[in-house]
Amino acid sequence: TVRVLSRRKEPLKVFSGVVKSASDFVVRFKMPGTLKELPLKVGQRLKKGDLIAVLEPQNLKERLAQAETALELADSELRNARSVLERVQKLYESKSASSTDLESAQKGFETARSERNNAQKRLELTQRQLAMAELTAPADCRVTSVNAKPDDSVDAEDRLALLNCGNALEIEASVPEVFIVNINEG
(Lines give C-alpha, C1' and ligand atoms only; values in the text may rest on other atoms or scores of the structure.)
Protein backbone atom coordinates (compact mmCIF):
# COMPACT_ATOMS: atom_id res chain seq x y z
CA THR A 1 0.00 0.00 0.00
CA VAL A 2 1.28 3.43 -0.92
CA ARG A 3 0.10 6.56 0.85
CA VAL A 4 0.09 9.62 -1.35
CA LEU A 5 0.22 12.90 0.51
CA SER A 6 -1.60 15.76 -1.07
CA ARG A 7 -0.16 19.27 -1.08
CA ARG A 8 -3.68 20.58 -1.10
CA LYS A 9 -6.11 20.46 1.76
CA GLU A 10 -7.88 17.44 0.21
CA PRO A 11 -8.30 14.20 2.13
CA LEU A 12 -5.52 11.61 1.82
CA LYS A 13 -6.10 8.87 -0.82
CA VAL A 14 -4.70 5.37 -0.30
CA PHE A 15 -4.08 2.97 -3.25
CA SER A 16 -2.60 -0.53 -3.30
CA GLY A 17 0.35 -1.14 -5.57
CA VAL A 18 3.81 -2.56 -6.10
CA VAL A 19 7.15 -0.73 -6.02
CA LYS A 20 9.80 -2.38 -8.18
CA SER A 21 13.05 -1.59 -9.91
CA ALA A 22 12.80 0.12 -13.27
CA SER A 23 15.95 -1.65 -14.42
CA ASP A 24 15.66 -5.34 -13.60
CA PHE A 25 17.70 -7.78 -15.67
CA VAL A 26 16.60 -11.40 -15.95
CA VAL A 27 19.54 -13.82 -16.14
CA ARG A 28 18.77 -16.39 -18.84
CA PHE A 29 20.49 -18.24 -21.64
CA LYS A 30 19.29 -18.30 -25.24
CA MET A 31 19.96 -22.02 -25.53
CA PRO A 32 19.45 -25.10 -23.36
CA GLY A 33 22.21 -26.83 -21.45
CA THR A 34 23.51 -27.89 -18.06
CA LEU A 35 24.36 -25.08 -15.68
CA LYS A 36 28.04 -25.32 -14.75
CA GLU A 37 28.39 -22.14 -12.68
CA LEU A 38 25.97 -19.67 -11.10
CA PRO A 39 28.14 -17.87 -8.52
CA LEU A 40 25.37 -15.59 -7.28
CA LYS A 41 23.93 -14.92 -3.83
CA VAL A 42 20.94 -12.73 -3.04
CA GLY A 43 22.16 -9.26 -2.08
CA GLN A 44 25.52 -9.70 -3.81
CA ARG A 45 26.86 -6.63 -5.65
CA LEU A 46 28.16 -7.14 -9.17
CA LYS A 47 30.29 -4.95 -11.40
CA LYS A 48 29.68 -4.64 -15.13
CA GLY A 49 31.32 -7.62 -16.85
CA ASP A 50 31.38 -9.89 -13.78
CA LEU A 51 30.73 -13.54 -14.64
CA ILE A 52 27.20 -14.47 -13.57
CA ALA A 53 26.46 -17.83 -15.23
CA VAL A 54 28.16 -20.54 -17.33
CA LEU A 55 26.69 -23.49 -19.24
CA GLU A 56 28.64 -26.75 -19.43
CA PRO A 57 30.71 -26.16 -22.60
CA GLN A 58 31.87 -29.74 -23.30
CA ASN A 59 29.21 -30.48 -25.93
CA LEU A 60 29.81 -27.12 -27.58
CA LYS A 61 33.58 -27.66 -27.57
CA GLU A 62 33.08 -31.03 -29.28
CA ARG A 63 30.82 -29.41 -31.88
CA LEU A 64 33.40 -26.65 -32.38
CA ALA A 65 36.13 -29.24 -33.04
CA GLN A 66 33.83 -31.03 -35.52
CA ALA A 67 33.03 -27.74 -37.28
CA GLU A 68 36.74 -26.86 -37.52
CA THR A 69 37.50 -30.28 -39.00
CA ALA A 70 34.61 -29.95 -41.46
CA LEU A 71 35.94 -26.56 -42.58
CA GLU A 72 39.44 -27.96 -43.10
CA LEU A 73 37.97 -30.78 -45.22
CA ALA A 74 35.83 -28.32 -47.21
CA ASP A 75 38.92 -26.13 -47.81
CA SER A 76 40.80 -29.15 -49.11
CA GLU A 77 37.92 -30.17 -51.38
CA LEU A 78 37.66 -26.61 -52.70
CA ARG A 79 41.39 -26.51 -53.50
CA ASN A 80 41.05 -29.86 -55.29
CA ALA A 81 37.98 -28.71 -57.25
CA ARG A 82 39.77 -25.47 -58.25
CA SER A 83 42.77 -27.50 -59.45
CA VAL A 84 40.53 -29.82 -61.48
CA LEU A 85 38.68 -26.85 -63.00
CA GLU A 86 41.94 -25.11 -63.98
CA ARG A 87 43.26 -28.34 -65.54
CA VAL A 88 40.02 -28.98 -67.48
CA GLN A 89 39.90 -25.34 -68.67
CA LYS A 90 43.41 -25.69 -70.12
CA LEU A 91 42.46 -28.99 -71.77
CA TYR A 92 39.26 -27.43 -73.16
CA GLU A 93 41.23 -24.48 -74.59
CA SER A 94 43.58 -26.91 -76.31
CA LYS A 95 40.52 -28.85 -77.55
CA SER A 96 41.49 -31.91 -75.50
CA ALA A 97 38.38 -31.77 -73.26
CA SER A 98 34.70 -31.47 -74.14
CA SER A 99 32.30 -28.73 -73.05
CA THR A 100 30.58 -31.41 -70.93
CA ASP A 101 33.85 -32.02 -69.10
CA LEU A 102 34.24 -28.27 -68.52
CA GLU A 103 30.66 -27.89 -67.25
CA SER A 104 31.16 -30.85 -64.91
CA ALA A 105 34.36 -29.32 -63.49
CA GLN A 106 32.61 -25.93 -63.06
CA LYS A 107 29.70 -27.56 -61.23
CA GLY A 108 32.14 -29.48 -59.03
CA PHE A 109 33.93 -26.23 -58.17
CA GLU A 110 30.65 -24.40 -57.41
CA THR A 111 29.50 -27.27 -55.20
CA ALA A 112 32.81 -27.32 -53.33
CA ARG A 113 32.68 -23.54 -52.86
CA SER A 114 29.11 -23.77 -51.55
CA GLU A 115 30.08 -26.57 -49.14
CA ARG A 116 33.03 -24.52 -47.92
CA ASN A 117 30.77 -21.50 -47.28
CA ASN A 118 28.29 -23.68 -45.38
CA ALA A 119 31.10 -25.17 -43.27
CA GLN A 120 32.33 -21.64 -42.47
CA LYS A 121 28.82 -20.59 -41.39
CA ARG A 122 28.45 -23.68 -39.17
CA LEU A 123 31.79 -22.89 -37.53
CA GLU A 124 30.77 -19.26 -36.90
CA LEU A 125 27.43 -20.36 -35.45
CA THR A 126 29.13 -22.80 -33.08
CA GLN A 127 31.62 -20.11 -32.02
CA ARG A 128 28.72 -17.72 -31.25
CA GLN A 129 26.95 -20.45 -29.27
CA LEU A 130 30.12 -21.12 -27.28
CA ALA A 131 30.38 -17.40 -26.51
CA MET A 132 26.72 -17.41 -25.38
CA ALA A 133 27.53 -20.15 -22.86
CA GLU A 134 28.87 -17.45 -20.53
CA LEU A 135 26.80 -14.56 -19.20
CA THR A 136 28.22 -11.42 -17.63
CA ALA A 137 26.61 -8.59 -15.67
CA PRO A 138 25.26 -5.93 -18.05
CA ALA A 139 26.01 -3.12 -15.58
CA ASP A 140 26.70 -2.57 -11.90
CA CYS A 141 23.90 -4.60 -10.29
CA ARG A 142 22.66 -6.27 -7.16
CA VAL A 143 21.33 -9.85 -7.14
CA THR A 144 17.68 -9.84 -6.03
CA SER A 145 16.83 -13.53 -6.57
CA VAL A 146 18.47 -16.81 -7.60
CA ASN A 147 16.27 -19.53 -9.07
CA ALA A 148 18.77 -22.22 -10.13
CA LYS A 149 21.93 -23.98 -9.00
CA PRO A 150 24.93 -25.64 -10.68
CA ASP A 151 24.20 -28.96 -12.44
CA ASP A 152 20.58 -27.92 -13.12
CA SER A 153 19.38 -28.65 -16.63
CA VAL A 154 18.07 -25.38 -18.05
CA ASP A 155 16.00 -24.60 -21.10
CA ALA A 156 16.41 -21.57 -23.30
CA GLU A 157 14.75 -18.58 -21.67
CA ASP A 158 14.54 -20.17 -18.15
CA ARG A 159 14.83 -17.45 -15.47
CA LEU A 160 18.00 -18.30 -13.51
CA ALA A 161 18.27 -15.12 -11.46
CA LEU A 162 17.11 -11.53 -11.27
CA LEU A 163 19.44 -8.54 -11.05
CA ASN A 164 18.58 -4.97 -10.11
CA CYS A 165 20.85 -2.77 -12.21
CA GLY A 166 19.89 0.73 -11.19
CA ASN A 167 18.36 3.03 -8.63
CA ALA A 168 15.23 4.06 -10.52
CA LEU A 169 11.95 2.71 -9.16
CA GLU A 170 8.59 2.13 -10.78
CA ILE A 171 5.29 2.13 -8.92
CA GLU A 172 2.39 0.08 -10.23
CA ALA A 173 -0.91 0.92 -8.59
CA SER A 174 -4.57 0.62 -9.49
CA VAL A 175 -5.94 4.15 -9.42
CA PRO A 176 -9.58 4.89 -10.26
CA GLU A 177 -9.96 6.99 -13.39
CA VAL A 178 -11.51 9.85 -11.48
CA PHE A 179 -8.20 10.41 -9.62
CA ILE A 180 -5.82 10.00 -12.60
CA VAL A 181 -6.25 13.61 -13.70
CA ASN A 182 -4.81 14.69 -10.34
CA ILE A 183 -1.59 12.65 -10.70
CA ASN A 184 1.49 14.60 -11.74
CA GLU A 185 4.97 13.42 -12.54
CA GLY A 186 7.51 14.20 -9.90
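In what follows, every heavy atom counts, from backbone to side chain, and hydrogens, waters and symmetry copies are set aside.
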Arg63: partners by salt bridge (charged side-chain N to carboxylate O under 4.0 Å, His left out), with sequence neighbours left out: none
Please name all residues satisfying salt bridge (charged side-chain N to carboxylate O under 4.0 Å, His left out) with Lys41, sequence neighbours left out, ordered by chain then number. none
So disulfide (SG to SG under 2.5 Å) across residues 40-147, not counting sequence neighbours, yields Cys141-Cys165
Among Leu163, Val146, Val143, whose side-chain contact (heavy atoms from CB on, under 4.5 Å) with Gln44 holds? Val143
To the nearest 0.5 Å, how far apart are CG in Leu60 and CG in Leu55? 7.5 Å
Kindly work out whether a path of hydrophobic side-chain contacts (I/L/V/M/F/W/Y, heavy atoms less than 4.5 Å apart) joins Val42 to Leu46. yes
Sorted by chain and number, sequence neighbours left out, salt bridge (charged side-chain N to carboxylate O under 4.0 Å, His left out) with Arg113 holds for Glu110
Compare all side-chain heavy atoms of Leu78 with those of Phe109 and state whether any distance is below 4.5 angstrom. yes
In Å, rounded to the nearest 0.5 Å, how long is the span from CD of Gln66 to CG of Leu123? 12.0 Å
Ionic contact status for Asp140 with Arg45, cut-off 4.0 Å: no
Taking only residues two or more places apart in sequence or in another chain, which ones pass side chain to side chain contact (heavy atoms under 4.5 Å, CB included) with Asp158? Val154, Asp155, Leu160
Which residue pairs pass the disulfide (SG to SG under 2.5 Å) test when at least one of the two sits in residues 58-128, sequence neighbours left out? none
Checking the side chain of Thr69 only, and the main-chain atoms of Ala65 only, is there a donor and an acceptor separated by less than 3.5 Å? yes
Distance-only, no hydrogens or angles: does the Ser76 side chain make a donor-acceptor pair with backbone N or O of Glu72 under 3.5 Å? no
Could you report the tightest heavy-atom contact between Gly43 and Arg142, atom names first, then the distance? O-NH1, 3.4 Å
How far does CD of Glu103 sit from OG of Ser98, to the nearest 0.5 angstrom? 8.5 Å
Taking all heavy atoms of Gln120 and all of Leu71, pick out the closest pair and write down the distance. OE1-CD2, 3.2 Å
With a 4.5 Å cut-off on side-chain heavy atoms, are Phe29 and Met132 touching? no
Which heavy-atom pair separates Gly108 from Ala81 by the least distance, and what is that distance? O-CB, 3.9 Å
With rounding to the nearest 0.5 Å, note down the distance linking CG in Leu40 to CG in Leu135. 10.0 Å
In residues 30-38, what donor-acceptor pairs under 3.5 Å come from side-chain atoms, sequence neighbours left out?
none

So side-chain hydrogen bond (donor to acceptor under 3.5 Å, both in side chains) across residues 53-62, not counting sequence neighbours, yields Gln58-Glu62
What is the minimum heavy-atom distance between Thr126 and Ala67, and which atoms define it? OG1-CB, 4.3 Å
Under the rule for side chain to side chain contact (heavy atoms under 4.5 Å, CB included), what residues qualify as partners of Arg122, not counting sequence neighbours? Asn118, Ala119
Not counting sequence neighbours, which residues clear side chain to side chain contact (heavy atoms under 4.5 Å, CB included) with Ser96? List them please. Leu91, Ser94
Scanning both residues in full, the closest heavy-atom pair of Val27 with Ala53 reads CG1-CB, 4.3 Å
How would you list, by chain and number, every residue that makes a salt bridge (charged side-chain N to carboxylate O under 4.0 Å, His left out) with Asp50, sequence neighbours excluded? none
For Leu162, the rest of its hydrophobic cluster, which grows through side-chain links under 4.5 angstrom: Val26
Identify the two heavy atoms, one from Ile52 and one from Pro39, that lie closest to each other, and give their separation to 0.1 Å. O-CD, 3.5 Å
